[in-house]
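Side chains included, hydrogens not; waters and symmetry mates left out as well; all remaining heavy atoms used. None of these values were measured; they are calculated from a predicted model.
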Amino acid sequence: MDQQIIKVFEENLNKDLIGVVISNSTDKENISKVKIRPILLKGDLLFQASEFKGQKIFHSNYTKEELLNHLIQWLNGLFRQVEIKSHSSQTVVLISKKGKVTVNRKMKQTNTESSEQNRKDTIIPENLFHNKKKNYILEEGKPLPFLIDLGVMTQEGAVIKSKFDKFRQINRFLEFIEDVLSYLDRDKEVTILDFGCGKSYLTFALYYYLKELKGYQINVIGLDLKADVIEKCNKLSNKYGYDKLQFLQGDIASYNKNSKVDMVVSLHACDTATDYAIYKAVGWEAKVILSVPCCQHELNNQIQCETLNPVLKYGIIKERMAALITDALRAEVLEAQGYRVQLLEFIDMEHTPKNILIRAVKRTKGNEVYEDTESLDKCMNFLGVSPRLNDLLKIKITEEGK
């Protein structure tokens with residue numbers, strides 16, 4: 001890489017930097033651009049690079065020296081344009097096909113203003129913080145009784161530091177619900193069932209969001225095995241006057257108190273409990289299914305594939321592959337039942353590896369797309385597996401045909 005470019009970056013890779021965009025790729029099919037911004041992690045100045053590859057973005061954090069090494073790779077014939085913005089200047093670097101480098105730099109402020117900026121260098125610019133303030137659906141600083149009682153907020157509405165990941169998770173969950181509001185009927189009461197609700201952080205948030213913020217007529221039922229948890233949640237529901245939110249003790253497989261349910265939620269139901277939750281939802285023809293599976297052990301014990309033996313012999317690889325295959329097959333089975341399915345990242349991997357959300361919405365009548373299950377059957381036969389959800393639905397179809 002041209003020494004002139006190295007000098008430009010060495011001068012700009014500091015806390016005065018706002019951001020860098022590296023573009024005009026010569027290989028857009030593999031990587032179209034790179035964006036770089038400074039961040040502070042545990043008091044250290046790092047640089048986060050976001051590589052745009054196809055429809056995906058890959059994020060990595062580098063020290064200044066590490067980033068300079070990567071810049072050598074990116075700017076050695078792969079990219080031909082760089083735009084660098086800092087608080088004091090804007091620099092554009094152009095690289096011709098023959099490798100000629102042109103640098104245009106424009107200062108943003110006068111010497112007097114620069115002196116003032118130098119005086120303020122001890123103040124950390126807001127753009128450096130890794131966790132920028134975000135506009136959440138449930139706002140920071142606005143006290144919500146259920147979040148206070150559940151230990152997420154203080155009486156003043158400040159999010160407790162140790163619970164901030166939970167606060168983000170709750171808001172992320174509500175964002176997924178926001179995306180499917182058009183599938184919920186505004187003209188009648190919507191019944192929602194939360195299987196394995198636990199302490200019900202998300203159940204209370206769901207009720208508050210749909211009832212108080214969006215004005216839906218709803219009837220929400222939380223189901224869990226733990227009697228003490230159910231008792232506490234019902235007391236809180238009564239305390240807040242949530243008359244259409246009730247909690248029941250019971251398991252997913254045997255629950256049959258509703259003849260019709262519009263939305264089924266199942267978050268971190270262990271192993272095949274997720275299959276029973278989805279199975280129930282399909283039986284009710286639920287319009288929306290939101291499921292974050294957990295502890296997918298079933299296929300790990302089943303999977304037998306001679307072709308894949310060289311990789312499956314490693315226990316940790318087999319476990320992770322089995323978990324991913326389990327959720328992919330669940331998605332395909334739902335597609336075959338007339339649902340449009342997405343597998344989405346629930347929260348960042350750094351917080352929990354159990355972060356895949358299955359979001360399924362029922363296709364409208366006349367627009368059903370029932371997938372040909374032949375390729376699905378071939379896939380399961382190849383892997384030597386028989387997922388519980390598939391077995392349950394086969395039994396259901398057989399019984400209906402009698």
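Taking the side chain as every heavy atom from C-beta outward, Phe382 and Leu308 approach each other to under 4.5 Å. Taking the side chain as every heavy atom from C-beta outward, Asn390 and Leu329 never approach each other to under 4.5 Å. Side chains of Phe173 and Val292 form no contact here, defined as non-hydrogen atoms less than 4.5 Å apart. A heavy-atom distance below 4.5 Å is not found between the side chains of Asp224 and Ser200. Side-chain contact between Tyr240 and Asp149: present, with at least one pair of heavy atoms (C-beta onward) separated by less than 4.5 Å. Contact check for Phe52 versus Lys35: side-chain heavy atoms found under the 4.5 Å cut-off. Glu178 is listed as a side-chain neighbour of Tyr209, based on a closest heavy-atom distance under 4.5 Å. Considering only heavy atoms from C-beta on, Trp284 stays 4.5 Å or farther from Thr191 through its side chain.
Sorted by first and then second residue, the pairs that involve residues 50-61 and meet salt bridge (charged side-chain N to carboxylate O under 4.0 Å, His left out), not counting sequence neighbours, are Glu51-Lys53. A salt bridge (charged side-chain N to carboxylate O under 4.0 Å, His left out) check over residues 249-277, counting only residues at least two apart or in different chains, returns the pairs Asp275-Arg330. Sorted by first and then second residue, the salt bridge (charged side-chain N to carboxylate O under 4.0 Å, His left out) pairs with a member in residues 188-209 read Glu189-Lys244; sequence neighbours excluded. Screening residues 378-388 for salt bridge (charged side-chain N to carboxylate O under 4.0 Å, His left out), with sequence neighbours left out, gives Glu298-Arg388, Glu374-Lys378.
Of the inter-residue distances, the one linking Leu299 atom CG with Lys318 atom NZ reads 10.5 Å to the nearest 0.5 angstrom. Distance check, rounded to the nearest 0.5 Å: CD1 of Ile170 to NZ of Lys163 gives 9.5 Å. Going from atom CD of Gln90 over to atom NZ of Lys106 covers 7.5 Å, rounded to the nearest 0.5 Å. Here the CG atom belonging to Leu94 is positioned 10.0 Å from the CD atom belonging to Glu83, to the nearest 0.5 angstrom. Separating the CG atom in Leu245 from the OG atom in Ser237 is a distance of 4.0 Å, to the nearest 0.5 Å.
Listed here is the closest heavy atom pair of Pro293 and Asp327: CG-OD1, 3.2 Å. Gly77 and Thr26 make their closest contact through O-OG1, 3.0 Å (heavy atoms, listed as atom of the first residue, atom of the second, distance). Considering every non-hydrogen atom in both Lys362 and Ala286, the closest pair reads CB-O, 3.8 Å. Taking every heavy atom of both residues into account, Leu343 and Ala328 meet most closely at CD1-CA, 4.2 Å.
Residues Tyr207 and Phe146 place their aromatic rings such that the two centres sit no closer than 6.0 Å.
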Please tabulate, for the side chains in residues 225-236, all donor-acceptor contacts under 3.5 angstrom to protein atoms that are two or more places apart in sequence or on a different chain.
unit_1: Asn234; atom_1: OD1; unit_2: Phe247; atom_2: N; d: 2.9
unit_1: Asn234; atom_1: ND2; unit_2: Ile230; atom_2: O; d: 3.4
unit_1: Asn234; atom_1: ND2; unit_2: Phe247; atom_2: O; d: 2.9

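Remark: Arg340 pairs with no residue by the salt bridge (Lys or Arg N to Asp or Glu O under 4.0 Å) rule, at least two apart or across chains. With sequence neighbours left out, Asp377 forms a side chain to side chain donor-acceptor pair (under 3.5 Å) with no residue at all. Not counting sequence neighbours, Asp185 has no partner by the side chain to side chain donor-acceptor pair (under 3.5 Å) test. Partners of Ser182 according to the side-chain contact (heavy atoms from CB on, under 4.5 Å) rule, which considers only residues two or more places apart in sequence or in another chain, do not exist here. Scored by the side chain to side chain donor-acceptor pair (under 3.5 Å) test, Gln304 finds no partners at all (sequence neighbours excluded). Residues forming a side chain to side chain donor-acceptor pair (under 3.5 Å) with Asn258 (at least two apart in sequence, or on another chain): Tyr255. The ring pair (Phe, Tyr, Trp, His ring centres under 6.0 Å) test applied to His297 returns no partner, not counting sequence neighbours.
By the neighbour-count criterion of 12 heavy atoms within 6.0 Å, atom CZ of Arg186 is densely surrounded, having more than that number from other residues, nucleotides or ligands. More than 12 non-hydrogen atoms from other residues, nucleotides or ligands lie less than 6.0 angstrom from CZ of Phe58.
Checking each of Val82, Leu71, Val103, Ile95 against Ile5 for a side chain to side chain contact (heavy atoms under 4.5 Å, CB included) leaves exactly one that passes, namely Ile95.
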When you look at Tyr276 and Phe195, which way does the ring-ring contact (aromatic ring centres under 6.0 Å, His included) test go after all the steps? CA-CA 10 Å; Tyr276 283 101; Phe195 281 127; over 10 Å; no
So Arg363 and Glu335, salt bridge (Lys or Arg N to Asp or Glu O under 4.0 Å) or not? Walk me through it. CA-CA 10 Å; Arg363 298 181 189 273; Glu335 287 278 355; 3.1 Å; yes
